[in-house]
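Report on the following structure.
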Amino acid sequence: MTEHRKITAFIPADLLARAQANSGASLTETLKIALDEYNRGEWYRQALDLAGKVNLDLDLVALRKDREFDEGGKVVD
């Protein structure tokens with residue numbers, strides 16, 4: 001089970017109202033969505049910082065030899 005914390009935060013009412021209107025969710029769910037999006041954005045920033053720093057010497061043709069793909073490029077199971 002995930003541990004929960006009850007918090008008190010002072011957030012501008014208009015900012016919170018817009019976020020809830022955009023998410024269509026409750027206050028708690030809207031805040032969870034916002035925190036998840038913030039964390040995901042931070043992960044993407046860290047990944048972008050690695051651009052050009054990681055050498056991936058991959059042969060895509062060899063990797064794809066054992067798989068079948070549809071016209072859209074998706075793997076067929």
Side-chain angles (χ1 to χ4, degrees):
M1 181 187 256
T2 303
E3 182 180 337
H4 291 85
R5 288 186 53 195
K6 184 173 181 173
I7 63 170
T8 300
F10 293 99
I11 300 170
D14 62 328
L15 179 64
L16 191 54
R18 284 194 319 257
Q20 275 191 272
N22 289 329
S23 72
S26 68
L27 174 61
T28 298
E29 283 303 311
T30 298
L31 292 174
K32 282 188 210 176
I33 292 166
L35 291 170
D36 281 339
E37 289 293 321
Y38 178 81
N39 289 329
R40 189 173 299 117
E42 185 58 30
W43 185 88
Y44 286 131
R45 280 187 284 285
Q46 291 174 6
L48 286 173
D49 285 345
L50 294 175
K53 297 177 184 173
V54 178
N55 183 17
L56 296 177
D57 187 23
L58 300 174
D59 182 354
L60 292 178
V61 174
L63 289 172
R64 292 177 176 159
K65 279 186 180 178
D66 64 341
R67 296 183 181 186
E68 292 183 37
F69 298 89
D70 64 14
E71 292 106 26
K74 293 187 180 188
V75 176
V76 177
D77 291 326

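- Residue Phe10 is not grouped with residue Leu15 when hydrophobic side chains (ILVMFWY) are merged at heavy-atom distances under 4.5 angstrom, including chains of intermediate members.
- Counted within 6.0 Å of CD on Glu68, heavy atoms from surrounding residues, nucleotides or ligands total 12 or fewer; the atom is thus considered open.
- One finds the CZ atom of Arg40 at 11.5 Å from the CG atom of Leu35 (value rounded to the nearest 0.5 Å).
- Annotation: the span from Thr28 atom OG1 to Gln20 atom CD amounts to 9.0 Å, rounded to 0.5 Å.
- Residues Val75 and Phe69 form a side-chain contact, since some pair of their non-hydrogen atoms from C-beta on lies under 4.5 Å apart.
- Crowding of Tyr38 atom OH: a count of heavy atoms from other residues, nucleotides or ligands under 6.0 Å not exceeding 12.
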In sequence, state the C-alpha distance, the side-chain angles, and the governing distance for Asp14 and Arg18, and then conclude on salt bridge (Lys or Arg N to Asp or Glu O under 4.0 Å). CA-CA 6 Å; Asp14 62 328; Arg18 284 194 319 257; 3.5 Å; yes
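- Between Asp36 and Lys32 there is no salt bridge, since no side-chain N of the basic residue sits under 4.0 Å from a carboxylate O of the acidic one.
- Interatomic distance, CD of Glu37 versus CD1 of Ile33, reported as 8.0 Å (0.5 Å rounding).
- Linking Ile, Leu, Val, Met, Phe, Trp and Tyr whenever their side-chain heavy atoms come within less than 4.5 Å leaves Trp43 and Leu48 in two separate clusters.
- Between the OG1 atom in Thr30 and the CD1 atom in Ile11 there is a gap of 10.5 Å [rounded to 0.5 Å].
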